[in-house]
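Here's the structure we're looking at; comments come further down.
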Amino acid sequence: MANPSAHPPEPPPQDGRIAAEGTEHSAADGPTQPSHIAPAFSPLYQQIKTLILRSLQAGEWKPGDMIPSEFDLAARFRVSQGTVRKAIDELATDNLLVRRQGKGTYVATHAEQHIQYRFLRLLPDTGDLAGQGPAERRIIECRRLRASAEVARQLALRTGDPILQVKRVLAFAGTPAILEDLWLPGGPFKGLTLETLSEDKGPMYALFETQFGVRMVRATEKIKAVSADADAARLLGVPEGHPLLSVERLACTYNDVPMELRRGLYRTESRHYRNELS
């Protein structure tokens, strides 16, 4: 017999009805799912995290905006503040939200200093990024073309779909350090031009965020050692055959939608690629 003094379970969130997908049914609840369909159970705070992500993806709260308080979100989703807090903690760990002591919780933006360098892992062997000053950027080209089979596959497009290709060089203290090629889907970045990229002085991901409503939230990378071909040698100011670090990145926006394929060639004579694992 159930203990009458036990606290009732926390009700599922009412916004989105996600919790109902993973709950178990009793005999009084009616027929259960067919035996061949596994229940899609996830902890309640994960369901709240999913609902908050949906609001971020829909643009309810834009980068830099303050989101509602934990109290208001708890009332909205009909869960405890502790459940909301745990969901927000995970989103902050994922660099999607930023807590500001005494002010509230904000949608992270690539315009913020500590977010700007989230995807830049090339660090000087001595000193730090702040000490070497901002990167000097030279946009070499920005052109529209049709996606090759390989680029289309990585960006979840069809072969021949319109894309943009951007080539640029990043230099520090006048010395070229990184040569990058970027491929972007044509639809979301309609209107992006060489002039726009050249005139903007902020981080490229901040430009994508503010002018095109595309926020990069996650990336996967592949790294290997290569030697400089004639074009890379010329643009990076090194001899042909010089050792370089090749970094291929696929960056995604909310819901793991791929939005950028980037291939970078890094000079590492006085710099190193640093990654933190946890």
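- D181 pairs in a salt bridge (charged side-chain N to carboxylate O under 4.0 Å, His left out) with only one of the listed residues (K167, R263, R168, R262), which is K167.
- V151 and V214 fall into different hydrophobic clusters, defined by Ile, Leu, Val, Met, Phe, Trp and Tyr side-chain heavy atoms under 4.5 Å apart, directly or through other members.
- If you chain together hydrophobic residues whose side chains sit under 4.5 Å apart, L97 and I48 fall into the same group.
- Rounding to the nearest 0.5 angstrom, the gap separating the CG atom in L96 from the NZ atom in K49 is 7.5 Å.
- Remark: side-chain polar atoms of T196 are not paired, donor with acceptor, to backbone N or O of L192 under 3.5 angstrom.
- For the atom pair CZ (R137) and CD1 (I178), the distance works out to 11.5 Å, reported to the nearest 0.5 Å.
- For R271 and Y266, the positive end is not near the middle of the six-membered ring at less than 6.0 Å and at most 45° from its axis.
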Can you check side-chain contact (heavy atoms from CB on, under 4.5 Å) on I88 and I52, steps first, answer last? CA-CA 9 Å; I88 290 176; I52 295 174; 4.3 Å; yes
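- One hydrophobic cluster, built from ILVMFWY side chains closer than 4.5 Å, holds both W61 and L91.
- Considering only heavy atoms from C-beta on, E90 comes within 4.5 Å of Q46 through its side chain.
- Counting heavy-atom neighbours within 6.0 Å of R99 CZ, excluding the residue itself, gives a total above 12.
- E248 has a carboxylate O that lies under 4.0 Å from a charged side-chain N of K222, or vice versa, which qualifies the two as a salt bridge.
- Of all heavy-atom pairs spanning M216 and F189, the tightest one is CE-CZ, 4.4 Å.
- Closest non-hydrogen pair, M66 versus G104, comes out as SD-CA, 4.2 Å.
- Annotation: side chain of D89 is not in contact with side chain of Y45 (no heavy-atom distance under 4.5 Å).
- Side-chain contact check for C252 versus V257: every heavy-atom pair is 4.5 Å or farther apart.
- For C142, the side chain to side chain contact (heavy atoms under 4.5 Å, CB included) partners are L164, V166, L194, L197, not counting sequence neighbours.
- A distance of 10.5 Å separates CG of L157 from CG of L261, quoted to the nearest 0.5 Å.
- At a threshold of 4.5 Å between non-hydrogen side-chain atoms, the residues L155 and L250 count as touching.
- Rounding to the nearest 0.5 Å places CD of E150 at 8.0 Å from CH2 of W183.
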Can you give the donor-acceptor pairs under 3.5 Å from side chains of residues 227-241 to other protein atoms, not counting sequence neighbours?
residue : atom : partner : partner atom : Å
D229    : OD1  : D231    : N            : 3.2
D229    : OD1  : A232    : N            : 2.8
D231    : OD1  : R234    : NH2          : 2.7

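- To the nearest 0.5 Å, the span separating CG on L182 from CZ on R249 amounts to 8.5 Å.
- Side-chain contact check for R76 versus L51: every heavy-atom pair is 4.5 Å or farther apart.
- Cluster annotation: L207 and V169 are assigned to distinct hydrophobic clusters (Ile/Leu/Val/Met/Phe/Trp/Tyr, side-chain heavy-atom contacts under 4.5 Å, transitive).
- Note: E70 CD to D72 CG = 10.5 Å, rounded to the nearest 0.5 Å.
- Cluster membership for L179 and V226, using ILVMFWY side-chain heavy atoms within less than 4.5 angstrom, is shared.
- E141 places no side-chain N or O within 3.5 Å of a backbone atom of Q165 that could act as its donor or acceptor partner.
- The closest donor-acceptor contact from the side chain of T253 to the backbone of R215 lies under 3.5 Å.
- A 4.5 Å side-chain heavy-atom check between F77 and Q47 finds every atom pair outside the cut-off.
- The existence of a salt bridge linking D161 and R158 is confirmed by a sub-4.0 Å separation between a basic side-chain nitrogen and an acidic carboxylate oxygen.
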When you look at D256 and R218, which way does the side-chain contact (heavy atoms from CB on, under 4.5 Å) test go after all the steps? CA-CA 8 Å; D256 284 342; R218 187 183 69 82; 2.8 Å; yes
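- Relative ring orientation between F208 and Y205 is described as tilted, the plane-to-plane angle lying within the 30° to 60° band.
- L184 places none of its side-chain heavy atoms less than 4.5 Å from the side chain of I163.
- No donor-acceptor pair closer than 3.5 Å links the side chain of R267 to the backbone N or O of A177.
- Closest of all the heavy-atom pairs between P203 and D200 is O-OD2, 4.1 Å.
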